[in-house]
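Since we're looking at a predicted model, the values are computed, not measured. Indexing begins at 1, ligand by ligand and atom by atom, following the structure's order.
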Amino acid sequence: MTGDHTVTVLEEHVVGCAVCRAEGAPPAVTMAFQPIVDVARGRVVGHEALVRGPAGEPAATVLGAVTSDTRFRFDQRCRVRAIQQAAELGLPDDQLLSINFLPNAVYEPATCIRTTLAAATTYGIPHTSLVFELTEVEQVTDAGKLTAIVEEYRSRGLRTAIDDFGSGHNGLNLLADFVPDIVKLDMHLVRGVAQDRRRQTLVASTVALCDELGISVIGEGVETAEEALALADLGVGGQQGYWYARPAFDALATVPSDRLAVGGRPSAA
Ligand code: G
Ligand code: MN
């Protein structure tokens, strides 16, 4: 398939980066895509690319096979794959493509982004459609580098998000170092939010502080109508989770129309 050939060419063309070129082959990956809904506008505004093994193995299995000798190329491979597959599945120009990245796998921001942008150009995905999600699995070892990455990405019209906000290493302290475009609420805050005053307080406070800083909020892992409605009432404008659609491989999943918002609130159907 020409797509695979192009991925290999792009990966080998990790322009000027000796770090990537020196690494061994990372594990093979494929991507599943899960839609992100804007509940006020009642429409899908983007898709998150979620890494899986070639036979659909879960993300944890794939990530577990990444070593310190392959992490830079692994990160590059995931970005290129996500862009290639999203293009093949017909991502519309006005929808975002959200890609997870390992901040500690960025060696030199300007060089590391070049392969990603080359892939976007090759596959016809507008650079401004790309969102980079900073995952919480690793502590960012160098806050100065993180700021440099975000500034480099922003100067190229790309968006950044803090993933799993509230869990692991992705807490308030990250916002002290840089302001992303998007904060994604960890699903632990979302689970049962409709019945839980404490979670409601945490979500409302996060929305308020994000409003103040000009950051959009997306709730992750929304599984029920009650969670969807409670989040909408708390001002969480973006939502993602099994309630809307499960991650899919063969197509960009659609969201049943009765689950899209009506008048700023998702329908309870
Ligand atoms: O860490 P990150 O948020 O990028 O990963 C999200 C993970 O959660 C993915 O592996 C995805 O398949 C899974 N996921 C997506 N939606 C839901 C959901 O509604 N409930 C649960 N339990 N998991 C979800
Ligand atoms: Mn993510």
Completion exercise
Exactly one of Q240, R246, E48, H47 clears side-chain hydrogen bond (donor to acceptor under 3.5 Å, both in side chains) with Q34, and that residue is Q240
Handout entry: Verify same cluster id: L202, V222 (apolar side-chain graph, 4.5 Å)
Key = yes
Practice task
Indicate whether the side chain of R81 and that of Q84 have a donor and an acceptor atom separated by less than 3.5 Å.
Solution key: yes
Practice task
Examine distances only and state if a side-chain atom of E226 and a backbone atom of G192 form a donor-acceptor pair shorter than 3.5 Å.
Solution key: no
Completion exercise
Under 4.0 Å from one or more heavy atoms of D163, ligand 1 contributes atoms 1 (O), 2 (P), 3 (O), 4 (O)
Fill in the blank from the handout: In ligand 1, the atoms that come under 4.0 Å of a heavy atom of E223 are 18 (C), 19 (O), 20 (N), 21 (C), 22 (N)
Problem - Distance filter under 4.0 Å to D164 heavy atoms, resulting ligand 1 atoms - result: 1 (O), 2 (P), 3 (O)
Handout entry: Sub-4.0 Å heavy-atom approach of V222 to ligand 1
Key = yes
Exercise for the section: Would you kindly specify which portion of A59 sits under 4.0 Å from ligand 1, judged on non-hydrogen atoms: side chain, backbone, both or neither? Expected result: neither
Exercise for the section: Would you give the length of the straight line joining atom OG1 of T135 to atom CD1 of I162, rounded to the nearest 0.5 angstrom? Expected result: 11.5 Å
Problem - Hydrophobic cluster identity match, V179 and L134, side-chain contacts under 4.5 Å - result: yes
Exercise for the section: Can you sort out which atoms of ligand 1 are near R52, meaning under 4.0 Å from one of its heavy atoms? Expected result: 9 (C), 10 (O), 11 (C), 12 (O)
Fill in the blank from the handout: All heavy atoms of L158 vs all of H127, minimum pair found to be CD2-O, 2.9 Å
Practice task
Number the atoms of ligand 1 from 1 as they appear, then name those within less than 4.0 Å of a heavy atom of Q34, with their elements.
Solution key: 15 (C), 16 (N)
Practice task
Please work out which of the three classes, parallel, tilted or perpendicular, describes the rings of Y153 and F101, given edges at 30° and 60°.
Solution key: tilted
Exercise for the section: Mark up the atoms of ligand 1 that fall under 4.0 Å of a heavy atom belonging to G221, in ascending order. Expected result: 17 (C), 18 (C), 19 (O)
Problem - For G241, atoms of ligand 1 separated by under 4.0 Å from a heavy atom - result: 16 (N), 19 (O)
Problem - Side chain, backbone, both or neither: the part of Q240 lying under 4.0 Å from ligand 1 by heavy atom - result: neither
Handout entry: Verdict with supporting geometry, L91 and F33, side chain to side chain contact (heavy atoms under 4.5 Å, CB included)
Key = CA-CA 10 Å; L91 181 79; F33 294 88; over 6 Å; no
Handout entry: Mode of Q239 contact toward ligand 1 - side chain, backbone, both, neither (heavy atoms, under 4.0 Å)
Key = neither
Problem - Check against side chain to side chain contact (heavy atoms under 4.5 Å, CB included), I36 and L96 - result: CA-CA 9 Å; I36 300 167; L96 301 174; over 6 Å; no
Fill in the blank from the handout: Looking at E133, M187, E48, E220, the heavy atom closest to atom 7 (C) of ligand 1 belongs to M187
Handout entry: Proximal ligand 1 atoms for P247, defined as those under 4.0 Å from one of its heavy atoms
Key = 12 (O)
Exercise for the section: Could you tell me whether K184 approaches ligand 1 through its side chain, its backbone, both or neither, with non-hydrogen atoms closer than 4.0 Å? Expected result: neither
Fill in the blank from the handout: At a cut-off of 2.8 Å, protein N/O/S around the Mn ion (ligand 2) gives E48 OE2, N100 OD1, E133 OE1, D163 OD2
Exercise for the section: Taking all heavy atoms of G53 and all of V62, pick out the closest pair and write down the distance. Expected result: N-CG2, 3.2 Å
Handout entry: Short N or O distance, W243 and ligand 1, threshold 3.5 Å exclusive
Key = no
Practice task
Let me know which of V236, D196, V190, V217 forms a side-chain contact (heavy atoms from CB on, under 4.5 Å) with V203.
Solution key: V236
Handout entry: Closest contact, heavy atoms only, A251 versus A248
Key = O-CB, 3.5 Å
